[in-house]
Structure formats: C-alpha cells, structure tokens
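Here's the structure, in structure tokens; my notes come after.
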There are 2 protein chains.
Amino acid sequence: MKIGQVAEVSGLPAKTIRYYESIGLIEPAGRTSSGYRAYQERDIETLKFIQRARSLGFSINEVSALLTLWNDRNRASSQVKALAKQHVADMDRKIAELQSMKDTLSNLIEKCQGDHRPDCPILNDFAKTDR
Amino acid sequence: MKIGQVAEVSGLPAKTIRYYESIGLIEPAGRTSSGYRAYQERDIETLKFIQRARSLGFSINEVSALLTLWNDRNRASSQVKALAKQHVADMDRKIAELQSMKDTLSNLIEKCQGDHRPDCPILNDFAKTDR
DNA sequence: GCTTGACCTTCCCGTAACTGTAAGCCTCAT
DNA sequence: ATGAGGCTTACAGTTACGGGAAGGTCAAGC
C-alpha cells in the first residue's frame, strides 16, 4: 500500500506519516522499485495505534513509550496503567487551569456592559496597579 | 529601572520581555548610556497588563489587540467584551476536548488490572483492528 | 506514443511562545 | 584589579506538524 491510501485508512495525513518516520517514531517504510514507500499490514496497524493514542492526547514521546510496551509481550500492565494515569493527571491539571482562567474571565465579562461606552471592567482589571 | 527589576515586579522573565520587544508587542525600551534597557512607570504598567492577560490565556495576538483597545480612550466596551467572550468560547472547546479524552482514557484505565501480567485493555483498545 | 493529472519524492520555511546557551560588555564591591 | 552578577546580542532548540516548491512515477485516454 502506498502512503496516500495508508493515510486514508489510518486517519493520519501522509505528511504526518513521513514526519513520524523522520523522527524515528516508526521504522522506515519499505520502498517500491521506483522509490515509493510501501506499507505492510503491520505498519498500518502501528499507525492506527499511534493515531488512537495521539487522539487521546498522548505526546509523541508517550506514544513512543506505549509502542515499546505494546511490542513487549512481557510488559506488566501496571507500566501501561501508570503511564496512562500520569497522562490523566496531566489533563486534569490542564482542565483545572483552563477552568480557573475561564471562571475569572467570565466574572469580568459579566461586569462589562458591552455597549458603545468605553468604560470596561475587563481592561480596568488588567490595568489594576495594585495586586 | 533595568530589566532585571522589571522582571521581578512584572512577573515576566527578562528573556520574555526582550522577546516581546523583538516581536513588536511592546515599544523598544529606552537605553542607558551604556546600552542597558531603561524602563519607565508606563512601560511597567504595560508589562503587568500583558502578564495578566497572558495569565488568563489570551494569545500574544489577542493581547496585542487588547493593548490597542486599552490605549484607545474611545473604544466601545463591546469590542473588549466580544474579544473576551471569544476567548472564553475557545477555552470551553479546549476544556470539552480534554474532558472527553480524559473520560475515554479513564474508562480504559479502570478496566486495566495494572499488575505484573501483560494483558492490558488500554493497549488492546489502541490496537483494535476494527473501528 | 504522448500527454495529462494524480500521486509520490525530498527539502526547506513557518508556526507559538518562549527557553537555553554562548560569548562578550558593564558595574560594583572587595 | 579582580571577580561576581547583571546586562547585551545572536542563534539553536522546543512540539507536532502544515505549506509549498521542484521534480520523479504511473495509469488512463487520445
């Protein structure tokens, strides 16, 4: 299978697949006699695996670790679970941070008339000289 | 005031302040005779303003727009409010996305024993050939 | 047999918002 | 005068790609 088709079935842009190869996340694909990348079933499974892990927010580095674990028939599931838990914790922190920023800003927005007049509690708050 | 002190009072690293100057977010600071950047009160207020806006998640571009509005004594507060609302909407989307990823992964984690054995529903799910 | 258009190739630049590092002045206290 | 710490510029690295140029390949159609 050539890269275009692989892109379709894996859900990853061809450009991204080449990128993954260039950074060593995946093994270099085989080549046809004319130099096109040729993918096997196993390669495609790997790319789908990567796509799913990435869609859950794992970084490339984390995906790399997951791939290693996936390919290790003897890994302890506790290792995978720990990695996943860490990622959930990271997401929790990000969610809390976003939520906090959102709450603060929402409060300011409520206080802002939002009409033609220039007075605006939002800018006033940003410009507060105390604090 | 020199950049080190400004960094302390504004909460922005000196490096970041230079960066903001380099991209044109702020006016180039004045200089002492020996070439050091010299900041006035107004510059410091601006940097604090930027720090607060950034801490609420506004992008540099958005901050730039906010600065323009801040410096425009005749702006309508509706403009500021619209910008802020847009940002809240962006954050809402990000929160929902993170939450969804987190929920999915949390479900998988619950199903994983996390012991010494290799069987792991998390990796199994990533590797599913259907879907 | 030749052209056309869809794919494929590599290579390099740009993105956001900085952070790290290097090499070299400036200032002040000892 | 010397050493520490702060300042300067400039360039590279980070994350995870996307855009676009210049050119090779392949199957279809005339």
Side-chain angles (χ1 to χ4, degrees), chain A residues 1-26 28-40 43-44 46-47 49-67 87 90-91 93-94 97-98 101, chain B residues 1-26 28-39 43-44 46-47 49-67 86-87 90-91 93-94 97-98 101:
Chain A
M1 228 192 244
K2 282 181 291 181
I3 201 167
Q5 267 197 295
V6 175
E8 268 191 52
V9 303
S10 70
L12 291 168
K15 199 103 204 201
T16 298
I17 299 173
R18 288 192 203 99
Y19 170 70
Y20 287 165
E21 185 182 307
S22 81
I23 61 170
L25 179 63
I26 55 177
R31 299 287 178 136
T32 67
S33 55
S34 61
Y36 286 8
R37 284 176 181 79
Y39 293 88
Q40 309 300 319
D43 303 328
I44 291 160
T46 300
L47 286 166
F49 181 101
I50 293 171
Q51 192 278 326
R52 284 168 197 147
R54 288 286 296 135
S55 76
L56 290 181
F58 286 99
S59 71
I60 298 276
N61 263 340
E62 288 165 336
V63 171
S64 182
L66 287 169
L67 281 173
H87 180 48
D90 290 348
M91 288 195 280
R93 268 193 303 94
K94 273 184 202 161
E97 189 189 345
L98 279 169
M101 297 190 301
Chain B
M1 228 192 247
K2 282 182 291 181
I3 201 167
Q5 267 197 294
V6 175
E8 269 189 51
V9 304
S10 70
L12 292 167
K15 197 102 207 200
T16 298
I17 298 172
R18 288 192 204 98
Y19 170 69
Y20 286 165
E21 184 182 307
S22 81
I23 61 171
L25 179 63
I26 55 178
R31 299 288 178 134
T32 67
S33 56
S34 61
Y36 287 7
R37 284 177 182 79
Y39 293 88
D43 303 328
I44 292 162
T46 300
L47 286 165
F49 181 100
I50 293 171
Q51 193 279 325
R52 284 169 197 146
R54 288 286 298 137
S55 77
L56 290 181
F58 286 99
S59 71
I60 298 275
N61 264 340
E62 288 165 336
V63 171
S64 182
L66 288 169
L67 281 173
Q86 182 58 57
H87 180 47
D90 290 347
M91 289 195 278
R93 270 194 302 95
K94 274 184 202 161
E97 190 189 344
L98 279 168
M101 297 191 301

Verdict with reasoning, A/R31 to A/R37, per side chain to side chain contact (heavy atoms under 4.5 Å, CB included): CA-CA 4 Å; A/R31 299 287 178 136; A/R37 284 176 181 79; 3.2 Å; yes
If you walk 5' to 3' along DNA chain D, what is the first nucleotide with an atom under 4.0 Å of a heavy atom in chain A, and what is the last? D/dA16 to D/dC26
Between B/A38 and B/T32, the two heavy atoms sitting closest are CB-CG2, 4.1 Å
For A/L12 and B/K2, take the nucleotide of DNA chain D holding the closest heavy atom to each; which residue's nucleotide lies nearer the 5' end? B/K2
Note: B/P13 and B/A7 closest approach over all heavy atoms is C-CB, 4.1 Å
Shortest non-hydrogen contact from B/L98 toward A/K94: CD1-CB, 3.9 Å
Touch class at under 4.0 angstrom, heavy-atom based, for A/T32 against every strand present: nothing
Tell me whether B/H87 contacts the main-chain N or O of B/E62 through its side chain, where contact means a donor paired with an acceptor under 3.5 Å. no
Could you walk me through whether B/Y20 and B/I60 satisfy the side chain to side chain contact (heavy atoms under 4.5 Å, CB included) test, starting with their C-alpha distance in whole Å, then the side-chain angles of each, then the deciding distance to 0.1 Å, before giving a yes or no? CA-CA 9 Å; B/Y20 286 165; B/I60 298 275; 3.3 Å; yes
Atom pair CG/CG of A/N61 and A/L66 - distance to nearest 0.5 Å: 11.0 Å
Report the C-alpha distance between A/I26 and A/I17 in whole Å, list the side-chain angles of each, state the deciding distance to 0.1 Å, and finish with yes or no for side chain to side chain contact (heavy atoms under 4.5 Å, CB included). CA-CA 9 Å; A/I26 55 177; A/I17 299 173; 4.3 Å; yes
Once rounded to the nearest 0.5 Å, what's the spacing between atom CD of B/E21 and atom CD1 of B/I3? 7.5 Å
Where each residue is assigned the nucleotide of DNA chain C containing its nearest heavy atom, which of A/Y39 and B/K15 is assigned the position nearer the 5′ end? A/Y39
Working note: A/D43 + A/V6, criterion side chain to side chain contact (heavy atoms under 4.5 Å, CB included); need CA distance, chi angles, decisive distance, verdict. CA-CA 9 Å; A/D43 303 328; A/V6 175; over 6 Å; no
Please give me every residue in residues 18-25 of chain B whose heavy atoms get under 4.0 Å of an atom in DNA chain D, ordered by residue number. B/R18
Counted 5' to 3', the first and last nucleotides of DNA chain C within 4.0 Å (strictly under) of a heavy-atom of chain A are C/dC7 to C/dC11
